[in-house]
Amino acid sequence: TINLTNQPLVCNNAGQGFGNFSMQMGNVTSSVVTLDMQLMLDSTVGAAVVFGQSGPPGSNVTSINLSFPETSKGTMQVQSVDGPTNSPTVLYAFTTSLVRTNLQTISFSLNLPAFTFSLTVNGISLASNAPIGSHLPINQAAISIGDTAGLGTGGSGGIDNIVLATVPVPSISGVFLSGTNVLVGLTTSTSAHYDVQATTDLASGGWSTIYSNVPGTGGLTNFNCGSSAAPQKFFRIGVHP
């Protein structure tokens, strides 16, 4: 876990460059990675948050990008790119309007075993279980603010309260009955919190939350998930720091 609190990275360089903060994540292919941060920009400066593999960018890039481009001053862009060929493929992308001079509270969650990501900005979910390119491992994160587009237009911005954390992927150890109730056994970590959800129909995509933000114990935890009267029920686990 990297936790930088009240140590803002500030860029105010009249377009002469940019501030960059890089984080190596190592081999976390069996983990869930989260990045929480605050970002504030003026109406000119650009910013980018990128997860990807180490090494120079190119055709073999695997990355997920959140950007505030200087060329589109009223928008935020998000995309996931996979480039196993000479023409990288955009797997997921959207552009949304925002007030870029407001304080943005950003939260990323990367489920690396499933190669999906979620993104929340100012408490609003913008992406959930969106695809990540899987050509190469993701092992680093970088945050850049300033003249990220090479336009030299100046401006200022800052990032603060950065927390990058990795927790093991939750493993359901068993689903069993206790009287008329269904219990879900889960091996938990003391560095993580867990959400338990259930549905009776996988096709509908309608999941109900049974438990939320339960701290891990470092051992086996059995969650009582209610009556076994339903003809079928499916469970899934979410994990975060």
Side-chain angles (χ1 to χ4, degrees), residues 1-9 20-39 47-55 61-67 78-82 91-92 104-121 123 125-144 159-173 184-197 209 211-221 223 235-241:
T1 299
I2 299 175
N3 188 342
L4 298 182
T5 303
N6 297 322
Q7 298 182 44
L9 173 64
N20 190 66
F21 184 79
S22 296
M23 296 162 279
Q24 293 291 331
M25 299 191 302
N27 183 12
V28 290
T29 55
S30 61
S31 300
V32 173
V33 176
T34 59
L35 172 64
D36 296 309
M37 57 178 283
Q38 291 178 309
L39 172 69
V49 182
V50 181
F51 292 93
Q53 81 277 11
S54 57
V61 66
T62 294
S63 64
I64 169 176
N65 309 284
L66 163 68
S67 62
V78 176
Q79 64 180 202
S80 173
V81 179
D82 187 19
L91 300 178
Y92 178 91
Q104 313 293 334
T105 301
I106 299 166
S107 179
F108 267 109
S109 178
L110 281 66
N111 186 334
L112 294 180
F115 280 100
T116 61
F117 73 92
S118 300
L119 171 64
T120 301
V121 178
S125 176
L126 298 180
S128 180
N129 294 319
I132 301 173
S134 56
H135 179 60
L136 290 173
I138 293 178
N139 60 14
Q140 71 173 11
I143 305 169
S144 301
I159 55 174
D160 198 5
N161 297 307
I162 307 167
V163 179
L164 178 71
T166 301
V167 296
V169 173
S171 174
I172 295 179
S173 58
V184 175
L186 180 67
T187 301
T188 63
S189 168
T190 55
S191 62
H193 293 74
Y194 297 86
D195 305 324
V196 180
Q197 295 181 318
T209 299
Y211 294 94
S212 177
N213 204 37
V214 178
T217 63
L220 178 64
T221 301
F223 293 90
F235 300 95
R236 70 180 183 183
I237 307 298
V239 60
H240 51 90

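In this chain, numbering begins with 1 at the start of the sequence shown. Since the model is a prediction, treat every value here as computed from it, not as a measurement.
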Tyr92 and Phe117: aromatic ring centres closer than 6.0 Å?
yes
How close do Gly133 and Thr62 get, counting heavy atoms only, and between which atoms?
O-CG2, 2.6 Å
Can you find a heavy atom in the side chain of Ile64 that is under 4.5 Å from one in the side chain of Phe108?
yes
When rounded to the nearest 0.5 angstrom, what distance separates OH in Tyr194 from OG1 in Thr188?
5.0 Å
Validation row: Val196, Ile237 side chains within 4.5 angstrom (heavy atoms)
yes
Check whether any side-chain heavy atom of Ile106 lies under 4.5 Å from a side-chain heavy atom of Leu66, and answer yes or no.
yes
Taking Thr190 for its side chain and Thr217 for its backbone only, find out whether a donor-acceptor pair lies under 3.5 Å.
no
For residues Phe51 and Ile132, determine if any side-chain heavy atom of one lies less than 4.5 Å from a side-chain heavy atom of the other.
no
So, Ser144 side chain and Ala48 main chain: donor-acceptor pair closer than 3.5 Å or not?
no
One should read off an interatomic distance between Gln53 CD and Gln140 CD, to the nearest 0.5 angstrom, of 7.5 Å
Looking at CG of Leu119 and CG of Leu110, how far apart are the two atoms once the value is rounded to the nearest 0.5 Å?
10.0 Å
Please check this pair: side chain of Ser173 against backbone of Thr187, looking for a donor-acceptor N/O pair closer than 3.5 Å.
no
Minimum side-chain heavy-atom gap Met23-Ile143 below 4.5 Å
yes
Which heavy atom in Val50 sits nearest to a heavy atom in Ser63, and how many Å separate them?
CG1-CB, 4.2 Å
Under the 3.5 angstrom rule, does the side chain of Asn139 hit a backbone N or O of Met25 as a donor-acceptor pair?
no
Residues Ser128 and Ser118: closest non-hydrogen pair is CA-OG, 3.6 Å
Check: Val33 and Leu164 side chains under 4.5 Å, non-hydrogen atoms
yes
Give a yes or no answer on whether the side chain of Ser80 reaches the backbone of Pro131 with a donor-acceptor pair at less than 3.5 Å.
yes
So, taking the atom named OG in Ser212 and the one named NE2 in His193, what distance separates them when rounded to the nearest 0.5 Å?
10.0 Å
Would you call Val32 and Ser109 a side-chain contact if the rule is heavy atoms closer than 4.5 Å?
yes
